[in-house]
Amino acid sequence: MKIQAQASLPTAFGDFTIYALSESQEDWTPELILVSKNTQLDDVVNVRIHSECITGEVFRSKKCECGPQLDAAMQYFGENGGILIYLRQEGRNIGIINKLKAYALQEQGHDTVEANLQLGLPADGRDFQMVTEILTHFGVKKVRLFTNNPEKLAIFENHETIELVERVPLQMPSLPENEEYLATKKNYFKHWID
């Protein structure tokens with residue numbers, strides 16, 4: 001995986017440099033890395049591993065907390081430095097079409113896990129192993145990880161060159177439309193959610 005392109009990206013949350021990383025220039029869905037201009041890469045680096053969620057981030061769906069989590073991380077990183085690793089793993093890596101099919105099943109009373117399984121898909125098909133490769137590429141040695149997901153912490157266990165210094169919760173207020181979704185994350189995936 002290598003940097004295929006990079007550019008300055010001024011945002012509502014501060015100034016970032018955005019990088020597109022992939023194996024090939026022909027990859028239309030590269031991983032996107034946003035590095036705040038305030039980031040000290042030789043210190044403990046604030047990091048958010050965030051999976052793409054078109055419905056929550058672009059269309060502001062109330063079915064999940066992805067949009068508010070992304071905004072909160074970018075706001076914090078814009079002020080305090082940090083790296084946002086934006087993985088192109090829509091819908092827990094089932095893609096937007098299957099995600100919408102899963103939404104339809106949820107409307108019939110299934111939770112997110114049951115919907116995915118009924119479609120013959122994994123409950124969560126995401127892969128976070130590339131994260132350490134990305135962080136190593138940027139020279140990061142110490143991480144303060146913004147997450148509620150234990151799977152994301154696991155990638156740093158026994159890593160030879162990157163130390164996980166701290167986990168920072170990134171919990172958003174629940175809404176009536178996403179209470180069941182959050183309960184599934186807590187009960188099935190063991191996310192740290194109050």
Side-chain angles (χ1 to χ4, degrees), residues 11-14 16 31-36 38-39 43-94 99 102-103 106 110-116 122-132 134-135 140 142-157 159 162-194:
T11 75
F13 307 106
F16 292 79
E31 314 308 336
L32 299 174
I33 316 303
L34 278 72
V35 180
S36 169
N38 299 327
T39 308
D43 200 350
V44 178
V45 178
N46 299 312
V47 173
R48 167 75 181 158
I49 305 164
H50 191 93
S51 296
E52 179 178 55
C53 178
I54 292 169
T55 51
E57 298 154 7
V58 177
F59 302 114
R60 310 311 285 185
S61 167
K62 295 180 180 179
K63 290 187 176 205
C64 64
E65 81 279 44
C66 302
Q69 282 185 323
L70 179 63
D71 291 350
M74 287 190 65
Q75 181 74 46
Y76 189 88
F77 295 173
E79 295 169 2
N80 303 286
I83 297 177
L84 174 75
I85 300 174
Y86 190 85
L87 301 178
R88 308 306 289 279
Q89 301 186 131
E90 176 72 44
R92 298 183 184 143
N93 210 21
I94 64 172
K99 180 179 178 178
Y103 274 4
Q106 290 166 39
H110 299 282
D111 66 28
T112 56
V113 170
E114 293 166 347
N116 281 19
D124 189 341
R126 291 178 293 176
D127 180 2
F128 301 119
Q129 292 307 312
M130 70 189 85
V131 168
T132 53
I134 290 168
L135 291 172
V140 174
K142 295 183 178 183
V143 167
R144 181 180 298 109
L145 190 63
F146 286 62
T147 190
N148 305 323
N149 185 345
E151 294 273 331
K152 294 178 182 177
L153 266 64
I155 64 172
F156 296 101
E157 287 178 8
H159 195 273
I162 301 174
E163 175 188 355
L164 177 63
V165 173
E166 181 183 2
R167 179 188 77 87
V168 178
L170 194 59
Q171 187 168 331
M172 303 292 108
S174 67
L175 302 169
E177 295 88 351
N178 69 17
E179 284 178 351
E180 288 185 27
Y181 164 83
L182 294 172
T184 300
K185 288 178 89 169
K186 179 178 182 175
N187 297 327
Y188 187 88
F189 295 109
K190 307 304 181 195
H191 287 205
W192 295 288
I193 297 175
D194 295 331

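Residues: numbered from 1 along the sequence shown.
Looking at T55, its side chain never comes within 3.5 Å of a backbone N or O of S61 through a donor-acceptor pair. Not one N or O on the side chain of R144 forms a donor-acceptor pair closer than 3.5 Å with the backbone of E166. With hydrogens and angles ignored, the 3.5 Å screen pairs a side-chain donor or acceptor of N93 with a backbone N or O of G125. Remark: the backbone N or O of L170 is paired with a side-chain donor or acceptor of N148 at under 3.5 angstrom. With N38 contributing its side chain and G78 its backbone, the two residues share a donor-acceptor pair below 3.5 Å.
If you take CZ on F156 and CG on L135, they are separated by 5.5 Å, rounding to the nearest 0.5 Å. In this structure, the separation between CD on Q69 and CD on E57 is 9.5 Å, given to the nearest 0.5 Å. Of the inter-residue distances, the one linking I33 atom CD1 with I134 atom CD1 reads 4.0 Å to the nearest 0.5 angstrom. With rounding to the nearest 0.5 Å, the separation of CZ in R48 from CD1 in I83 is 14.5 Å. Note: Y103 OH to K63 NZ = 6.0 Å, rounded to the nearest 0.5 Å. Between atom CD of residue E90 and atom OG of residue S51 there is a gap of 9.0 Å, rounded to the nearest 0.5 Å.
At a threshold of 4.5 Å between non-hydrogen side-chain atoms, the residues M74 and F16 count as touching. In this structure the side chain of R88 reaches within 4.5 angstrom of the side chain of L32, judged on heavy atoms. Contact of the Y86 side chain with the E52 side chain is registered, since non-hydrogen atoms from C-beta on lie closer than 4.5 Å. You'll find the side chain of H50 stays beyond 4.5 Å of the side chain of K152, heavy atoms only. A heavy-atom distance below 4.5 Å is found between the side chains of L70 and L84. At a threshold of 4.5 Å between non-hydrogen side-chain atoms, the residues Q89 and F128 count as touching. Using a 4.5 Å heavy-atom cutoff, the side chains of K142 and D43 are not in contact. Counting heavy atoms from C-beta on, the side chains of K99 and I54 never come closer than 4.5 Å.
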Subject >> side chain to side chain contact (heavy atoms under 4.5 Å, CB included) between E31 and I85, worked out >> reply: CA-CA 7 Å; E31 314 308 336; I85 300 174; 5.8 Å; no

Subject >> L153/T147 under side chain to side chain contact (heavy atoms under 4.5 Å, CB included): CA gap, chis, key distance, verdict >> reply: CA-CA 8 Å; L153 266 64; T147 190; 3.3 Å; yes

**OP:** Apply side chain to side chain contact (heavy atoms under 4.5 Å, CB included) to the pair I49 and R126, showing each step before the final yes or no.
**Re:** CA-CA 11 Å; I49 305 164; R126 291 178 293 176; over 6 Å; no

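Among all heavy-atom pairs drawn from N46 and N80, the shortest one is ND2-O, 3.8 Å. Residues N116 and A102 approach most closely at OD1-CB, 3.7 Å, considering heavy atoms. Nearest heavy atoms, I162 versus T132: CD1-O, 3.7 Å. The minimum heavy-atom distance between D127 and M130, with the atom names listed, is O-CE, 3.7 Å.
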